[in-house]
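Keep in mind the model is a prediction, meaning the values are calculated, not measured. Computed from heavy atoms alone, side chains included, the values below leave out hydrogens, waters and symmetry copies. So you know, we letter chains A, B, ... as the sequences are listed, proteins then strands, and number each from 1.
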Amino acid sequence: MRPAARSFLLGELFGLLGGELRGDATLRLSQVAPLESAGPDEITYFAAEAYRREFEATRAGAVVVRPADARSGINCICTANPHLYFIRVLELFHPEPAPAGGVHPLAWVHPQAEVAASAEIAAFVSVEQGARIGERARLGPGCRIGRHAQVGDDCRLHANVTVYDYCIVGKRAVLNAGCVIGSDGFGGALHDGRWVKMPHVGRVVLGDDVEVGANTTIDRGALADTVLGDGVKLDNLIQIGHNVHIGAHTSVAACAGIAGSARIGANCIIGGSADISGHLHIADGVRISPSTMISRSIETPGRYTGIFPWTDHAAWLRIAAALRRLGKSPATGRERARGRRNRARQNDDDEHQ
Amino acid sequence: MRPAARSFLLGELFGLLGGELRGDATLRLSQVAPLESAGPDEITYFAAEAYRREFEATRAGAVVVRPADARSGINCICTANPHLYFIRVLELFHPEPAPAGGVHPLAWVHPQAEVAASAEIAAFVSVEQGARIGERARLGPGCRIGRHAQVGDDCRLHANVTVYDYCIVGKRAVLNAGCVIGSDGFGGALHDGRWVKMPHVGRVVLGDDVEVGANTTIDRGALADTVLGDGVKLDNLIQIGHNVHIGAHTSVAACAGIAGSARIGANCIIGGSADISGHLHIADGVRISPSTMISRSIETPGRYTGIFPWTDHAAWLRIAAALRRLGKSPATGRERARGRRNRARQNDDDEHQ
Amino acid sequence: MRPAARSFLLGELFGLLGGELRGDATLRLSQVAPLESAGPDEITYFAAEAYRREFEATRAGAVVVRPADARSGINCICTANPHLYFIRVLELFHPEPAPAGGVHPLAWVHPQAEVAASAEIAAFVSVEQGARIGERARLGPGCRIGRHAQVGDDCRLHANVTVYDYCIVGKRAVLNAGCVIGSDGFGGALHDGRWVKMPHVGRVVLGDDVEVGANTTIDRGALADTVLGDGVKLDNLIQIGHNVHIGAHTSVAACAGIAGSARIGANCIIGGSADISGHLHIADGVRISPSTMISRSIETPGRYTGIFPWTDHAAWLRIAAALRRLGKSPATGRERARGRRNRARQNDDDEHQ
């Protein structure tokens, strides 16, 4: 754990953030902690039923809870949304340092780039010709801002982030280390058995309050832009193909891939390692389960799933063999016998994969 | 969209690129655009039947089409391969800037490295001892060229690309931001329950005209080289294991993984998020569907698939339960009853995953 | 292949590394090589039955083998673990250069950071306030060490590695290019249809002898730390979510994803592209097959699998149609007929995915 910036009295938190205090306002709290390990000078929260056992056993000095969950013998702050309230608590114990402002002497800013005076540009950052960096933006070491790219006010770019030429990052974005905004889209024309590269002249345009995880990649559009709406949240190691549109406040978990020209609605939740094929449309409010491959458009909100059920390996061998039988076309008796022999061999092979 | 370098008369494009002009040669075109949004001073193309409706409704000033698709009332350039022709149009409207030549004062080049005078080395690039950078190569900011590594003529390395020691990049490569060429291969010897690292002394050798997507990783070989043939195209976030060979002009879509020592043929097309196990052989001309896991060698060209069919979550629960039944070994009546109870619980659990 | 540092007599290797020599101690060996391509002045090893054919045909000057595999007509060194022995051979032919020590004039080290005098800091590295770099640690160009972060003795960080504020890297770690240690964890509270970011104040704590592959990402914990035990080995492009714990000597192959708060035991082997859901527990000694999605805790050591069996595309269409039938709820005759028509259309659609 990183050290807290300072300690707070429970009553002080209540005074700053509201809610309903049931307990000792004079209790001094020195740190935040999880339910299961919080000690008597620490504050935690209880918001999901799955953690009730930990809540009942907690040794925390104070807990942020829903009113119905307050109980005697423990200091509580009651509020309708304990998770949200606790985020405010976290921001008090662990405030983000304000941007220092100024360009590090070992950064490089093109004379025809515009960097707000309140922006903080770390060592080894490069800002190319025509780029614009907004007020209070913080660029970590090694960030690369391409020609005519824009980074909005109050953005936080961690280390080694790349924004290609002409791409636009809205206000208050958080871009984690190593993510790439505006890489070449994939694809070209086949000509005599060779691929001829398609120049991509679209941009990536990120709305406000977008977050991008570490080493996630977002390709720029071919002839038009790749567009992410306000409040879109992308986890780590996600691929967003060229010309994709993602609606506002949609969340995508790690390792997912969204292929080119897909249009994803607003307020969707896309699970980790899910894949969405290109050129299709997903309605607002759709939830895709993890590890699911979506190959056609979805026009109805709801939850969609396609996960192979895992099991012990021996049972899986039986399932796989049964599935392969489903794939056989109607066959003569002799072919069936040959098939049985082949399947036996296949299952042996599977042991070695 | 980024601004075009200049405008063209339709007749001028025809004069430079050929084809058959059906329409007004004096029309001035200021930009490229997609079929569905192109305006009267923009040029677009129509090459895939899936876009016929957009073609019929287009407001574009001019369209590049196959001869059979030309129609009256719209300015057309006819050609056998409209996609390829349009790539040439794109290169006219949006030419790549020529490399400026020279080493940025904030780059670092080892005195015993060789950098062609026509190469362009951006800020914060490091080029180590014995490395060689070819004519007109462009290295974006933050690129890392290891000891004795080679980057061929006319390569384009975007920002923060890493080429490990001794690796070789052929001519005209395009390496997108954050990709890694030559990382340690994975694996070692187990000794007393611990992994002992296997030093990897092979290289990565990329042929000519190779493209590598953003944040893609290519491991170097253990005792021999990892080799990608001419014209291989890799999308973003792909993993290529140690000792892999990929034949010329094979294309691999995003998030795919090719495990160590696999040998992939030429002119294959490997879908996004597909996985190929190690130590196997894929023939030339094989097409692997997205999200498919290939566990044995494929000696016959064709298309191969293994995708769990997605559906609404309730239907998936039924499918998953049926699959699990296929995995049960023959059981007594009492075991079957217990199995039914367990399955009921499992299905409940699935709701929470 | 990179050139060897020097040549060795076979007897000299035997003298340095032990084992049992059967053959000509005066043979001069100039390089290491794989079984199938080794020549008469090269040494190789034979450890896995799958390579017996290559062993029998090898032209290698010398082979490291198990005693039972030694055969006349070929120079052998016999040892119980040929792979481990050969790793020592590799370290002799290809020793890692010792760290040069010192800070490159184009690196940036905060005056309140501590860098051991024996550590080697390459160009364009940034080391922030309060960070500590151990003895003989080597930081490649472009590495980013955050505030109060620690890098242990004898670590090797390749190029462009990011270690976020407060994170801890144990001794002898190998971090490949572009990996990210300590990025923001994913998730927040929903409030009025928008995601409110959860500040993450935990750290990443890596034990000793940990390896991390290229572009792999490890999120820091929310309220507690993300912890990887001693000897954990991660391949490339892996995602480790916030608060995950991984036990000692567990190995994870490329492209795998481990979701937040999962607890993985020691000595597990997790296959490539496998996914593990959040908040579950995996016992010690569990083996997860590649491309398998684990959605519930596993308390029993063993091998677990869930891979859709791939096949030619036509057979897959039949399998997929049969699976979809399993998902139908009991239906009237009219609904069944409509279902058949819909399925026929779906299968057509699949052709285009």
By side chain to side chain contact (heavy atoms under 4.5 Å, CB included), A/A254 pairs with (sequence neighbours left out) A/D235, C/Q239
Can you tell me which of [options] forms the most heavy-atom pairs within a distance under 4.5 Å of chain C?
options	value
A/A123, A/A315, A/S273	A/S273
A/I87, A/I319, A/N81, A/T44	A/I87
A/V32, A/L326, A/N215	A/N215
A/V174, A/L84, A/L106, A/N236	A/N236

Requested in this report: Please report the C-alpha distance between C/D225 and C/R220 in whole Å, then the side-chain angles of each, then the deciding distance to 0.1 Å, and finally whether the salt bridge (Lys or Arg N to Asp or Glu O under 4.0 Å) criterion is met.
Outcome: CA-CA 6 Å; C/D225 298 329; C/R220 69 178 183 270; over 6 Å; no
Query - Crowding at CZ, A/R2 (>12 non-hydrogen neighbours, <6.0 Å) - result: yes
Heavy-atom distances under 4.5 Å only: say whether [X] touches chain A with side chain, backbone, both or neither.
X	result
C/D165	both
C/I238	backbone
C/A107	backbone

Contacting moiety of [X], where chain C heavy atoms sit under 4.5 Å:
X	answer
A/R88	side chain
A/H104	side chain
A/Q31	neither
A/I269	side chain

Open item on the list: Is a donor from one side chain sitting under 3.5 angstrom from an acceptor on the other, for C/T226 and C/N243?
Closed with: no
Are side-chain N/O atoms of C/Q112 and C/Q129 paired as donor and acceptor at under 3.5 Å? yes
Notebook entry, point to check: Taking NZ, NE, NH1 and NH2 as the nitrogens, is one of them in A/D154 or A/R172 under 4.0 Å from a carboxylate oxygen of the other?
Noted result: no
Worksheet item: Are any of the side-chain nitrogens in C/R194 or A/D209 under 4.0 Å away from the carboxylate oxygens of its partner?
Response: no
If you tally heavy-atom pairs under 4.5 Å between each of C/L223, C/N160, C/V180 and chain A, the highest tally belongs to C/L223
Scored by heavy-atom pairs under 4.5 Å with chain A, the best of C/T217, C/V196, C/V201 is C/V201
